[in-house]
Amino acid sequence: MIRSLESVGGEGWTSLKSDEHTTVFVGVLAGGWSIVKTHALTRPKDSLAAIFRRTRLHRQFRGTVRSIRAGIPAAIVRLVIRGRDEEGRVIDTLIMERVPGRSVLEIFADAETNEETKRELAELVGALTHTLLAEGLFNRDHKPSNIIVDESRGGFRPVLIDCVGVRKAKTGDTIERLLKNLVVELIGYSCAPSSTSAWRALCASLPDASRHERKAAW
């Protein structure tokens, strides 16, 4: 059991989120930047989920594997372990790579981001959305805050950072639903995309559709 992040070579840890069930940290682990998530299994439904490895962090691990196998860039999960905290609660801990860059939400919300950049990003996110469904996957939590734009390799590279909602696509899982989730969060943060950016995302998500089909989706 990991007693502390420092005990396994961690340093410079900063808390990103903390509530009754979940904590998220970022810091250097084994020489590289990492994200560490912990989730307390205290709810009645968690007991059954733990037996079948269907807890939130196990679902994130499986969603990440599905995404990467489908050729979709996603933050690599390095480890998922289970233990107890000092209060005796059962805790799942997930360690994943930290993708460098800002989220799509942060970039759109930044007043200094020009429209050309937003249009380019919208097109790339649309293409990512197309790949998800084309590979038989659906992301129930497909939103700008869960997509990091990695610029470390030159150019923009959208990367999924939370794949807990990635599952096999079912009947009724459509491009329109995925795109709606993207737009709704931007609207909620008062940084709705322009009609041009939205149209570019739509066209990229439906590359083989006719203009009439795209208009119907719009």
Side-chain angles (χ1 to χ4, degrees), residues 12-19 22-28 32-37 60 63-64 67 72-76 94 96-133 137-166 174-207 209 211 214-218:
W13 291 98
T14 301
S15 176
L16 299 179
K17 174 183 177 181
S18 182
D19 59 33
T22 304
T23 58
V24 182
F25 299 93
V26 61
V28 177
W33 283 95
S34 299
I35 299 289
V36 175
K37 293 184 177 183
Q60 179 172 344
T64 301
S67 300
I72 300 165
I76 297 172
L94 176 147
M96 60 186 286
E97 71 167 325
R98 177 186 178 272
V99 179
R102 295 186 295 167
S103 71
V104 172
L105 175 61
E106 290 173 311
I107 294 174
F108 267 75
D110 187 346
E112 296 185 3
T113 304
N114 59 51
E115 283 301 318
E116 183 179 353
T117 297
K118 291 181 180 180
R119 289 194 292 269
E120 182 180 352
L121 277 180
E123 194 166 341
L124 290 172
V125 172
L128 175 70
T129 304
H130 165 74
T131 302
L132 264 172
L133 213 53
L137 299 177
F138 186 83
N139 185 4
R140 291 173 295 178
D141 207 18
H142 196 54
K143 57 186 183 182
S145 59
N146 281 340
I147 303 173
I148 291 292
V149 181
D150 180 4
E151 299 180 58
S152 64
R153 305 182 185 184
F156 295 146
R157 178 174 173 261
V159 182
L160 300 181
I161 59 168
D162 190 344
C163 297
V164 66
V166 175
T174 63
I175 284 289
E176 290 88 341
R177 285 185 60 193
L178 290 170
L179 293 176
K180 181 189 72 173
N181 289 345
L182 291 167
V183 172
V184 164
E185 186 176 47
L186 292 177
I187 292 174
Y189 281 87
S190 301
C191 54
S194 66
S195 57
T196 302
S197 292
W199 179 253
R200 285 217 183 169
L202 178 67
C203 290
S205 67
L206 295 169
R211 185 172 180 83
R214 289 172 178 170
K215 282 288 188 180
W218 178 272

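Residue numbers run from 1 in the order of the sequence given.
Val104 and Val125 get closest at one heavy-atom pair: CG2-CG2, 4.0 Å. When all heavy atoms of Asn181 and Asn139 are compared, the closest pair comes out as ND2-O, 4.4 Å. The two residues Glu176 and Ala217 come nearest to each other via the heavy atoms OE2-CB, 3.5 Å. Taking both residues in full, the closest heavy atoms of Arg177 and Phe138 are given as CZ-CZ, 3.8 Å, listed atom of the first, atom of the second, then distance. In terms of heavy-atom proximity, Val28 sits nearest to Trp13 at O-CZ2, 3.8 Å. Listed here is the closest heavy atom pair of Ile72 and Leu137: CD1-CD1, 4.2 Å.
Contacts classified as salt bridge (Lys or Arg N to Asp or Glu O under 4.0 Å) and involving residues 178-206 (residues at least two apart or in different chains) are given here: Glu123-Arg200. For residues 100-115, the set of pairs meeting the salt bridge (Lys or Arg N to Asp or Glu O under 4.0 Å) definition, not counting sequence neighbours, comprises Arg102-Asp110, Glu115-Lys118.
In this structure, the separation between OG on Ser34 and CG on Leu94 is 10.5 Å, given to the nearest 0.5 Å. Interatomic distance, CG of Leu202 versus OG1 of Thr129, reported as 10.5 Å (0.5 Å rounding). With values rounded to the nearest 0.5 angstrom, Ile35 atom CD1 is found 8.0 Å from Lys37 atom NZ. Taking SG of Cys163 as the start and CZ of Arg140 as the end, the distance is 12.0 Å to the nearest 0.5 Å.
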Exercise. Going through the checks in order, is the side chain to side chain contact (heavy atoms under 4.5 Å, CB included) test met by Leu178 and Ser205?
Worked result: CA-CA 10 Å; Leu178 290 170; Ser205 67; over 6 Å; no
For this session: Before giving the answer on side chain to side chain contact (heavy atoms under 4.5 Å, CB included), spell out for Thr113 and Phe108 the whole-Å C-alpha distance, their side-chain angles and the decisive distance to 0.1 Å.
Result: CA-CA 7 Å; Thr113 304; Phe108 267 75; over 6 Å; no
For this session: Take Glu97 and Trp33, measure what side chain to side chain contact (heavy atoms under 4.5 Å, CB included) needs, and give me the verdict at the end.
Result: CA-CA 7 Å; Glu97 71 167 325; Trp33 283 95; over 6 Å; no
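Here the side chain of Asp141 pairs no donor or acceptor atom with the backbone of Asp162 at under 3.5 angstrom. Looking only at distances, no side-chain donor or acceptor of Arg98 sits under 3.5 Å from a matching main-chain atom of Val36. Side-chain atoms of Thr131 come within 3.5 Å of backbone N or O of Ala127 as a donor-acceptor pair. Judged purely by atom type and a 3.5 angstrom limit, Thr22 has no side-chain atom pairing as donor or acceptor with the backbone of Asp19.
Of the residues Leu182, Leu105, Ile161, Val159, the one that meets the side-chain contact (heavy atoms from CB on, under 4.5 Å) test with Ile147 is Leu182.
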